[in-house]
Number of protein chains: 2
Amino acid sequence: MKGALWIIGLGPGDWALMTELAQERLATAEIVLGYEGYLASIAGRLRRDQDVRPYPITQERLRAEDAVNLAGKGHRVALVSSGDAGIYGMAGLALEILAGQGWTADEGPAVEVVPGVTALAAAAARVGAPLMHDFVAISLSDLLTPWEVIERRIRLAAAGDFVVVFYNPKSHRRVRPLEVAQAILLQERRPTTPVALVRQAFRADENLILTQLDRFLTYPVDMVTTVIIGNSQSFTYGRWMITPRGYPR
Amino acid sequence: MKGALWIIGLGPGDWALMTELAQERLATAEIVLGYEGYLASIAGRLRRDQDVRPYPITQERLRAEDAVNLAGKGHRVALVSSGDAGIYGMAGLALEILAGQGWTADEGPAVEVVPGVTALAAAAARVGAPLMHDFVAISLSDLLTPWEVIERRIRLAAAGDFVVVFYNPKSHRRVRPLEVAQAILLQERRPTTPVALVRQAFRADENLILTQLDRFLTYPVDMVTTVIIGNSQSFTYGRWMITPRGYPR
């Protein structure tokens, strides 16, 4: 029997923020693989007869290989990511592995990427409408990308007055990149430029902080915080951060 | 009675690609407002006892004002956008109008932005995994943004090796911006850089084209096409476009 590999974006983590298609594929899967933290967030919705395989963090390649191989053996496999699977998620690795194996639509398992609400959209919704104009997404993790590339991107994004969203902004051992990012952005933008720090959007332990560019580092930020830096037109109103749709004539 | 304003991202247009929360809010709304084209895509799911108010294109401000005023009178109002309401959608305008009226959480209607699968995530899912590394979203519409700002952003995005996503790439009267964008990107990237053109993702009339930077203008592109330009590492495999998670050491 022909297997299937569904690469699924879970959205921010609340079941109600998942798409109906993602819910349906999860219900139909025989095997569900993913980082243990994400699987924990949907554990109550999976069934006992499903083979749920949690993986520790950082073992993305192993997860993707196992998922590809199980689907190749004829199983219906769900490989899950938080947010959107195609934005800093599992979709790329899984497709790269399939390509490396010479996958074809005729002979290989059915493959489908099921999109989800990505972290930047979930974060933005919780603090108003900060992404109403052109924006960039930059991961501050230098695990697979040279720091020079990342720093250059921050400079270009700052120069272009893009709204800037940082994924993976900071970890226990990686503190300096976010400090450098702040310094670069302060060269181009007002110290009072609105900044939103969003952690666990739409979840019970959600934490929302609305602050400004010159002082956002005084607040706690970790790997799963989404950092949104406004452009020159962004402003706050109460607990909202709003970026206008355009520029004054 | 206290009204509610739910600003809802419908996702790419297929009901199954909507979040459960968006579906629930739509079912609970007394009044549903939005661009007539988006409302048509969900018409079969709305009930006869709901007051559905379609608006012509371009009347975004009127739509948002009507939605705010109806919620202020105590109605449960859903204001819908395609994709994510916070990314080139209706959320910003609605919140700006509320702010202009001096809205407060105590006295005004309840306000909630319900995120959705934004066009770039939906488009990416249908062509593989092109957004696995840092990317920019740029709208090529110069209705509210000076062309100089847009062109400068394209230059900076090209220089930074960002994956580039164009929203509103082209209309009947606006053809030149996409040609200029191509010329700028060709100065920095290989002519064979993968380009995806995605129209009506996940819908019956979906159209997917995988091509390359030096020739993508030979294909039809309109206002609702999402254009994804790869970075220096992006490659194609069959009908997939894949951007690796990092750079070779």
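In what follows, chains carry the letters A, B, and so on, assigned in the order in which the sequence lines appear, proteins first and then strands, with residues in each chain numbered from 1.
The side chain to side chain donor-acceptor pair (under 3.5 Å) check on R199(B) picks up D222(B), with sequence neighbours excluded.
Here the closest non-hydrogen pair linking V68(A) and Q101(A) is CG1-OE1, 3.5 Å.
Of the residues considered (A159(B), A122(B), G11(B)), A159(B) shows the highest number of contacts with chain A, using heavy-atom pairs under 4.5 Å. With respect to chain A, the highest number of heavy-atom pairs below 4.5 Å among G9(B), A94(B), A16(B), S141(B) belongs to A16(B). Comparing I87(A), D84(A), T243(A) by heavy-atom pairs within less than 4.5 Å of chain B, the highest count is held by I87(A). Listed options P12(B), P248(B), G116(B) were ranked by heavy-atom pairs under 4.5 angstrom with chain A; first place goes to G116(B). Between chain B and the residues S139(A), A124(A), A105(A), the largest count of heavy-atom pairs under 4.5 Å involves S139(A).
Residue-level contacts of residues 232-241 of chain B with chain A, in order of numbering, are F235(B), Y237(B), W240(B); threshold 4.5 Å between heavy atoms.
Only the side chain of V149(A) comes within less than 4.5 Å of a heavy atom of chain B; its backbone N, CA, C and O stay farther away. Looking at I7(B), there are no atoms closer than 4.5 Å to chain A (heavy atoms on both sides), in backbone or side chain. Contacts of D161(B) with chain A are made by both backbone and side-chain atoms, with heavy-atom separations under 4.5 Å. At a 4.5 Å heavy-atom cutoff, V163(B) makes no contact with chain A through either its backbone or its side chain. Heavy atoms of I242(A) lying under 4.5 Å from chain B belong exclusively to its side chain.
For the 3.5 Å distance criterion, the side chains of S82(A) and Y38(A) qualify, holding a donor opposite an acceptor.
No side-chain donor-acceptor contact under 3.5 Å links T118(A) to the backbone of A121(A). Panel note: side chain K170(B), backbone L178(B); no donor-acceptor pair is recorded below 3.5 Å. Remark: side-chain polar atoms of W103(A) are not paired, donor with acceptor, to backbone N or O of V111(A) under 3.5 angstrom.
Ion pairing between a basic and an acidic side chain is recognised when a charged N comes within 4.0 Å of a carboxylate O; R25(A) and E112(A) show such pairing.
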Practice task
Please step through ring-ring contact (aromatic ring centres under 6.0 Å, His included) for the pair Y55(B) and Y35(B), ending with a clear verdict.
Solution key: CA-CA 5 Å; Y55(B) 286 71; Y35(B) 163 55; over 10 Å; no

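A cation-pi arrangement is found for R153(A) relative to F162(B), the charged atom lying closer than 6.0 Å to the ring centre and inside a 45° cone about the ring normal. Judged by the 6.0 Å and 45° rule, R126(A) forms a cation-pi pair with F202(A).
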